[in-house]
Amino acid sequence: ELTPSSDFKNALSIYPNPGNGQFVLDFESSENTNIMISVFDAKGALVVQKSQYVQSGLNQVSMDLKQPKGIYLLQIVGNGQSITREIVIQ
């Protein structure tokens, strides 16, 4: 499962944010598992979705979002837990 730290905001790091569409996600997983990474536009429409195998411990995933400038929501779901963050493409 994704590891929520005592400060849940630290469970997922996204950089650079704002960015040009190329983002790196850093997060910890407590086990080897598959996660789903989804990106939604400001209207709530799904624009990108990818399944990713992650290992126990610190993981780093690169995302290349070829989307128009704007504000998006990035969501990671795994083992019944989800983390959602706002990302900005400028």
Q: So, do L73 and E86 sit near enough that their side-chain heavy atoms are less than 4.5 Å apart?
A: yes
Q: If you group Ile, Leu, Val, Met, Phe, Trp and Tyr by side-chain heavy-atom gaps below 4.5 Å, do V48 and F40 land in one group?
A: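 No; tracing contacts between hydrophobic side chains, which count when under 4.5 Å, never links both residues.
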Q: Restricting to non-hydrogen atoms, name the atom on I87 and the atom on N17 that form the minimum distance, rounded to 0.1 Å.
A: CA-OD1, 3.4 Å
Q: In Å and rounded to the nearest 0.5 Å, what is the OG to CD distance from S62 to Q52?
A: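 Between atom OG of S62 and atom CD of Q52 there are 9.0 Å.
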Q: Quick check for you: to the nearest 0.5 Å, what is the distance between L74 atom CG and F23 atom CZ?
A: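 The CZ atom of F23 is 8.5 Å from CG of L74, to the nearest 0.5 Å.
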Q: Under a 3.5 Å distance rule, please check whether N20 uses its side chain to pair with a backbone N or O of Q22 as donor and acceptor.
A: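 Yes: the side chain of N20 pairs with the backbone of Q22.
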Q: Nearest 0.5 angstrom please: T33 OG1 to E31 CD, how far?
A: 5.5 Å
Q: Roughly how far, to the nearest 0.5 Å, is NZ of K69 from CD1 of I89?
A: 10.5 Å
Q: Kindly determine whether F27 and V61 satisfy side chain to side chain contact (heavy atoms under 4.5 Å, CB included), including the steps that lead there.
A: CA-CA 9 Å; F27 56 92; V61 177; 3.9 Å; yes
Q: Got a second to check how far S51's OG is from I35's CD1, nearest 0.5 Å?
A: 8.0 Å
Q: Determine the minimum heavy-atom distance between K50 and M36, stating which atoms define it.
A: O-SD, 3.4 Å
Q: Considering all heavy atoms of both residues, which atom of S30 and which atom of S56 are nearest to each other, and what is their separation?
A: O-OG, 3.5 Å
Q: Measure the shortest side-chain to side-chain distance between V47 and Y72 over non-hydrogen atoms and say whether it is less than 4.5 angstrom.
A: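 Side chain of V47 against side chain of Y72, heavy atoms only: contact under 4.5 Å found.
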Q: Which value, rounded to the nearest 0.5 Å, describes the distance between Q75 atom CD and I83 atom CD1?
A: 10.0 Å
Q: Taking side chain as C-beta onward, heavy atoms only, is S38 less than 4.5 Å from L46?
A: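 Yes - at least one pair of side-chain heavy atoms lies under 4.5 Å apart.
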Q: Any side-chain heavy-atom pair from D26 and Y15 closer than 4.5 angstrom?
A: yes
Q: Is there a side-chain contact between R85 and L25 (heavy atoms, below 4.5 Å)?
A: no
Q: Could you tell me which non-hydrogen atom of K43 sits nearest to which non-hydrogen atom of D41, and how far apart they are?
A: N-OD1, 2.9 Å
